Amino acid sequence: MGWRSSVIPHRGTLSLALCLVSLLPLAVACKGGYSFTGASIDYEKTKTIQIDNFPIRSAYVWSPMQSIFQNKLTDVFAQQTHLRQVKKNGDLVLAGEITGFDQYNKGISSDGYSSQVQLKMTVNVRFTNNANHDEDFERQFSATSEYDSSLQLTSVQEDLVTEMVKDITDQIFNSTVANW
């Protein structure tokens, strides 16, 4: 009996296989617009992206934040699209600035002191789609991260900024080319 179960596929496995095979022609027929990365780009009209530098314009400044953000934003579009990155005249253009980097007391302990601190990063983005100006926008994207107030910000800052940058760049990607 054991040999039969290893030779004859389970009914659910067979159904799944048939379902996937039946969807294959549909996936092949959908030529350019969608990918498994979430980007919905018409590569016939849109071939390039220009990502300008995003300077820090916030009152509080941690200088590595700008390069961490810039590198991650560039990487997200390089890894998840087939767009060629250009210095000027891009079909898509991302410009903006880091406008906020603030910390707030989040939780209060029984002794009346802060127990949790929230760090917030805000980026203003101007997006231009030169193939379809109806999609142009200017919008602010924010992310927060929390840390225990017994820690020094300098000891956790890089990890927190990296986490917030990932969140913000994902938001920007989804708002610009994923059309979610």
Side-chain angles (χ1 to χ4, degrees), residues 27 30-104 106-107 116-148 151 153-180:
C30 294
K31 181 179 163 189
Y34 296 92
S35 74
F36 291 111
T37 64
S40 58
I41 300 169
D42 181 353
Y43 288 102
E44 298 293 321
K45 295 179 186 175
T46 307
K47 296 178 180 359
T48 61
I49 186 167
Q50 171 186 331
I51 302 175
D52 292 344
N53 283 326
F54 280 67
I56 300 174
R57 301 267 190 260
S58 65
Y60 178 72
V61 175
W62 182 59
S63 57
M65 177 172 56
Q66 193 274 337
S67 62
I68 292 170
F69 175 79
Q70 197 73 40
N71 291 337
K72 182 63 178 171
L73 186 61
T74 303
D75 289 350
V76 164
F77 283 89
Q79 293 168 359
Q80 297 188 35
T81 71
H82 298 293
L83 296 171
R84 187 171 44 89
Q85 294 188 18
V86 295
K87 296 282 185 200
K88 60 183 182 176
N89 300 323
D91 297 325
L92 303 178
V93 179
L94 282 171
E97 50 278 328
I98 299 168
T99 58
F101 187 59
D102 306 295
Q103 58 180 340
Y104 307 94
K106 179 79 174 167
Q116 284 288 106
V117 179
Q118 183 178 67
L119 197 59
K120 181 177 181 181
M121 182 177 174
T122 305
V123 178
N124 186 60
V125 175
R126 290 177 297 283
F127 173 68
T128 305
N129 182 340
N130 288 312
N132 182 4
H133 286 290
D134 289 339
E135 295 180 1
D136 294 359
F137 66 78
E138 182 168 358
R139 190 178 312 159
Q140 299 228 342
F141 297 91
S142 295
T144 60
S145 199
E146 297 173 6
Y147 67 97
D148 190 284
L151 301 171
L153 176 58
T154 55
S155 70
V156 295
Q157 191 163 234
E158 185 172 354
D159 290 340
L160 298 176
V161 166
T162 301
E163 177 184 316
M164 290 185 296
V165 162
K166 182 186 181 332
D167 186 3
I168 291 172
T169 56
D170 286 348
Q171 291 175 49
I172 294 168
F173 181 86
N174 289 336
S175 295
T176 55
V177 297
N179 295 330
W180 292 105

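Fair warning: this is a prediction, and the values are worked out from it, not measured in the lab.
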Side chains of Met121 and Trp62: does their closest heavy-atom pair fall under 4.5 Å? no
For Ala95, what residues pass the side-chain contact (heavy atoms from CB on, under 4.5 Å) criterion, not counting sequence neighbours? Asp52, Arg126
What is the distance from atom OG1 of Thr128 to atom CD of Glu138, rounded to the nearest 0.5 Å? 9.5 Å
Can you tell me how far CD of Gln80 sits from CG of Asn174, rounded to the nearest 0.5 angstrom? 8.0 Å
At what distance, to the nearest 0.5 angstrom, does CD of Gln116 lie from NZ of Lys106? 9.0 Å
Flag the pair Leu153 / Val117 as yes when at least one side-chain heavy-atom distance between them is below 4.5 Å, and no otherwise. no
Are any non-hydrogen side-chain atoms of Phe69 and Thr169 less than 4.5 angstrom apart? yes
Closest non-hydrogen contact found for Ala178 with Ser40 is O-OG, 3.4 Å
Can you list everything that forms a salt bridge (charged side-chain N to carboxylate O under 4.0 Å, His left out) with Asp170? Sequence neighbours excluded, please. Lys166
Using 0.5 Å steps for rounding, measure from the CE atom of Met65 to the CD1 atom of Ile98. 5.0 Å
Closest heavy-atom pair, Lys47 versus Glu44, reported as atoms and distance to 0.1 Å, is NZ-O, 3.1 Å
Under 3.5 Å, which donor-acceptor pairs do the side chains of residues 53-60 form with other protein atoms, sequence neighbours left out?
{"residue": "Ser58", "atom": "OG", "partner": "Tyr60", "partner atom": "O", "Å": "2.5"}
{"residue": "Tyr60", "atom": "OH", "partner": "Gln157", "partner atom": "OE1", "Å": "3.3"}

Taking C-beta and beyond as the side chain, do Ile172 and Leu94 meet within less than 4.5 Å on heavy atoms? yes
Sub-3.5 Å donor-acceptor pair from the side chain of Gln50 to the main-chain atoms of Val93, do we have one? no
Carefully, step by step, assess Ile51 and Leu73 under the rule side chain to side chain contact (heavy atoms under 4.5 Å, CB included). CA-CA 8 Å; Ile51 302 175; Leu73 186 61; 3.7 Å; yes
Quick one: side-chain contact (heavy atoms from CB on, under 4.5 Å) partners of Thr46, sequence neighbours excluded? Ile41, Leu83, Asp91, Leu92, Ala131
Roughly how far, to the nearest 0.5 Å, is the OG1 atom of Thr48 from the CD atom of Gln85? 10.0 Å
Starting at CD1 of Ile168, measure out to CD of Glu163 and round the result to the nearest 0.5 Å. 11.0 Å
Does the Thr122 side chain pair with the main chain of Phe141, one donor and one acceptor, at a distance under 3.5 Å? no
Verify, without hydrogens or angle tests, whether Tyr147 (side chain) and Val156 (backbone) share a donor-acceptor contact under 3.5 angstrom. no
Which residues pass the ring pair (Phe, Tyr, Trp, His ring centres under 6.0 Å) test with Phe137, not counting sequence neighbours? Phe127
Beyond-backbone contact of Thr144 with Lys120, side-chain heavy atoms, under 4.5 angstrom: yes
Taking ring pair (Phe, Tyr, Trp, His ring centres under 6.0 Å) as the test, write out the residues that go with Phe77, two or more places apart. Phe173
If you look at every heavy atom in Gln70 and Thr74, which pair is closest and at what distance? O-OG1, 2.9 Å
